[in-house]
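Data block below; observations after.
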Amino acid sequence: MYIVTRCTYPSDKAKEVAQRYVKSITKFPDDASLGAFVIQGAVRGTLQGLSVMIVFEPKKGKFEDAYALGVNRLAMFHDIPGFEYDIKAHYSLEEAMKVIGM
């Protein structure tokens with residue numbers, strides 16, 4: 001299972017987003033007991049601004065806590081104009097194969 005987060009925001013908000021990111025990880029620090037980052041932050045420029053992707057692999061039985069940590073961090077960005085995100089669960093290939101009986 002993976003928790004995949006995608007964020008987009010206008011380029012002119014990059015410094016504000018970076019400063020808020022530092023505050024969010026200070027208030028809600030990483031917790032290795034929950035799992036590990038596969039991608040801690042892949043950033044690219046788009047015509048709409050900046051796009052960031054984060055992929056986290058929670059440990060077995062830690063999905064809810066890891067998801068809550070991500071949501072709590074993201075809530076700190078709500079008042080930045082143009083900042084949008086989605087956060088979703090994705091099966092690993094092995095887990096997806098089990099779903100179809102393989």
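Keep in mind it's a predicted model, so treat the numbers as computed, not measured.
In this structure, Asn72 has no side chain to side chain donor-acceptor pair (under 3.5 Å) partners at least two apart in sequence or on a different chain. The salt bridge (charged side-chain N to carboxylate O under 4.0 Å, His left out) test applied to Asp12 returns no partner, not counting sequence neighbours. In this view, Glu16 and Lys13, Arg20 satisfy the salt bridge (charged side-chain N to carboxylate O under 4.0 Å, His left out) rule, not counting sequence neighbours. Residues satisfying the side chain to side chain donor-acceptor pair (under 3.5 Å) test with Tyr85, not counting sequence neighbours, are His78. The side chain to side chain donor-acceptor pair (under 3.5 Å) check on Glu95 picks up Ser92, with sequence neighbours excluded.
From Tyr21, atom OH reaches atom CZ of Arg73 across 6.0 Å, with rounding to the nearest 0.5 Å.
Checked against Thr5 for a side chain to side chain contact (heavy atoms under 4.5 Å, CB included), the options Leu74, Ile39, Asp86 give a single hit: Leu74.
Leu93 and Tyr2 sit in two unconnected hydrophobic clusters of ILVMFWY residues. Membership requires side-chain heavy atoms under 4.5 Å apart, directly or through other members. By the rule that hydrophobic residues join a cluster once side-chain heavy atoms approach within less than 4.5 Å of another member, Val4 and Phe37 end up as members of separate clusters.
Within a 6.0 Å radius of OH in Tyr91, no more than 12 heavy atoms belonging to other residues, nucleotides or ligands are found. Dense packing is recorded around CD1 of Ile100, with more than 12 heavy atoms of other residues, nucleotides or ligands lying under 6.0 Å away.
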For side chain to side chain contact (heavy atoms under 4.5 Å, CB included), just list the numbers for Tyr9 and Ile80, CA-CA rounded to whole Å, side-chain angles, deciding distance to a tenth of an Å, and then say yes or no. CA-CA 9 Å; Tyr9 50 91; Ile80 297 176; 5.7 Å; no
Side-chain atoms of residues 50-69: list all donor-acceptor pairs with protein atoms under 3.5 Å, sequence neighbours left out, distances to 0.1 Å.
unit_1	atom_1	unit_2	atom_2	d
Lys59	NZ	Ala32	O	3.3
Tyr67	OH	Ile87	O	3.4

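Summarising the geometry of Asp31 relative to Ser33, their closest heavy-atom pair is OD1-OG, 2.6 Å, with the distance given to 0.1 Å.
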